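Below is one structure, written out as structure tokens; the observations come after it.
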Amino acid sequence: MAKPLAALREVFKNLFTAPSTAGYPHAKACPDAGYRARIKYTPQLCVGCQLCVKNCPANAITITLLNPQDKPITGEDGKVTPPVRKFECKIDLTRCIFCAQCVDSCFKKALCSSQEFELASADKAALTDVTKAG
Amino acid sequence: MPKVIVPLGPQHPALKEPGNFTLMLEGEEIVDAALRLGYNHRGIEKAAESRNFIQAMYLIERVCGICSHAHATCYVTNVENICGLELPRRAQAIRVITGELERIHSHLLWLGVAAHEIGFDTLFMYSWRDREYIMDALETLSGNRVHYSINTIGGVRRDIGKEQIEDILKKLDLVESRTNYYIKLATQEPTLHARTMGVGKLPKEEALKRDACGPLLRASGVARDVRKDDPYLLYGELDFKVITSDACDVFGRVYVRVFEILESVKILRQVLNNMPQGPVSVKMPPKVPAGESVTRYEAPRGEDIHYVKTDGGVNPSRVKLRAPTLANFESVAYMLKGDQLADAPLIIAAIDPCFSCTDRMAVVDKLSGQSQIETFKDLRLKSIEHYKRKGIDFSKL
Ligand code: SF4
Ligand code: SF4
């Protein structure tokens, strides 16, 4: 049976309830702890295997070897200097789709996903995350 | 009475996607309709061939922003079939959970769009507000609201915890009570009846003849649902009904979708309360063997069909997909005929179209039978020429 204005009761009820929308940006938005946003890199853990680069669907990540001494060096006195391999990770935030596949690909846990989602910037340089080994 | 031709679209004919509908009117009545697609071609099938299997998965997921899980699952199932992987039951359960949450959110989204088309914006806002419960659940489950990326080849990427299960169950209670309210509203509200009953008629024979699928076909009285007809994942063991309606009009489509939400809630409760234990993924082999596979999946909008062919290399050698809108699009011209111009947006929206999933391009030379490859550059030049003939010069841009 047709009841005109059937939604009216609901409308009145909603007039006296708090808004359903969040107050963002005035109120802080808190994504879930498992939310995938900016990818963080720990250079000390990276071994430069390039697996993350291979599987990145957006070609957003690059890992570069900073110093060429990636083999042990034996000096004249027979002393062996162990290899020091330092890496730099560049993530292009304009390309990254925040799928976190790189996090899954990395078996050294050098990459992890954070909840930082406010990445917009008018400064172009801020749109590339560069993390180097110190 | 003289006939008038009205072009509807390509900009925003019913929703925020481009498609062109040329309507021939006699007074207010639509006497003929011609449809045109092709404004949103993205070349995803071709692009998938130049990516490895993992990269292609994320690309295929982006075929659609609403049925992202449907497309991704269809694709990974194909690759898993080719590799001969046996999916763990817990992974199957998590895929079902994500798929059914996706169905609920898609149907609530559609209800809002349909309400907006008939000018019932109150309902639009309520249904989209209630949809947020599901979006939040999806975010907790997968880490994103839209592109869940929960799948991986051989299973799923994240396990589901006890608290998450309880949280989703709580949200389902809320969604269920809200859906029951919408059902009550749909049976009582006279404006909704006036705008939907008898509009966009698609009789059963016509729907079958035009290969309609999904809620559109079920609203024409045909109980066809891949989850029942060709069960995949855990669906063969679950208890749920295929909702149909004999109304054959837009009201029937509202009916089918709203009751399907309740069925999805039922499925979700069964799965969440009886989660199988065990691992959530198996290892993907380092090399995908040569082979081919076809998979069907009941997406919220209808049947998705994916085909994947591999040649033992690192990339898929062919990916072909058919989204439900392509199947349902045929019926739109039929449904528009005989209706009022003002109902056209609603009729188009009632199939829940997704034009970007549907656009394909093929160059066929009928005389020589030769195929041809058109590069982006060729296509751009052609479009510049096309507009030049119409007096608009884009070549300087
Ligand atoms: S999150 Fe995805 S797109 Fe971004 S760098 Fe990692 S793999 Fe690439
Ligand atoms: S996968 Fe991990 S270890 Fe390998 S290069 Fe990438 S960040 Fe470094």
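Quick note on labels: first sequence line is chain A, next is B, and so on, each numbered from 1. The shown structure was predicted, so the numbers you read here are calculated from the model rather than taken from an experiment.
Remark: the backbone N or O of A/Asn55 is not paired with any side-chain donor or acceptor of B/Arg51 at under 3.5 angstrom. A donor-acceptor pair is defined here as one N or O able to donate and one able to accept, closer than 3.5 Å; such a pair exists between the side chain of B/Arg158 and the backbone of A/Gly34.
Each of B/Met125, B/Lys184, B/Arg62 has some count of heavy-atom pairs under 4.5 Å with chain A, and the biggest count is that of B/Arg62. Top candidate by heavy-atom pairs under 4.5 Å with chain A, chosen from B/Arg129, B/His147, B/Arg145, is B/Arg129.
With a 4.5 angstrom heavy-atom cutoff, B/Phe53 does not touch chain A via any of its atoms. If you measure heavy-atom distances from B/Leu185 to chain A, the contacts under 4.5 Å come from the side chain alone. Contacts of B/Asn52 with chain A are made by side-chain atoms alone, with heavy-atom separations under 4.5 Å and no backbone atom involved.
Heavy-atom neighbours of chain B within the stretch residues 94-103 of chain A, taken at a separation under 4.5 angstrom, comprise A/Ile97, A/Cys99, A/Ala100, A/Gln101. Listed by sequence position, A/Glu10, A/Val11, A/Asn14, A/Ser20 are the residues of residues 10-26 of chain A in contact with chain B, using a 4.5 angstrom heavy-atom cutoff.
To the nearest 0.5 Å, atom CZ of residue A/Arg36 and atom CZ of residue B/Arg157 are 6.0 Å apart. Separation of atoms CG (A/Asp32) and OG1 (B/Thr140) is listed at 4.5 Å; rounding is to 0.5 Å.
Counting non-hydrogen atoms of neighbouring residues, nucleotides and ligands closer than 6.0 angstrom, the NZ atom of B/Lys320 exceeds 12 such neighbours.
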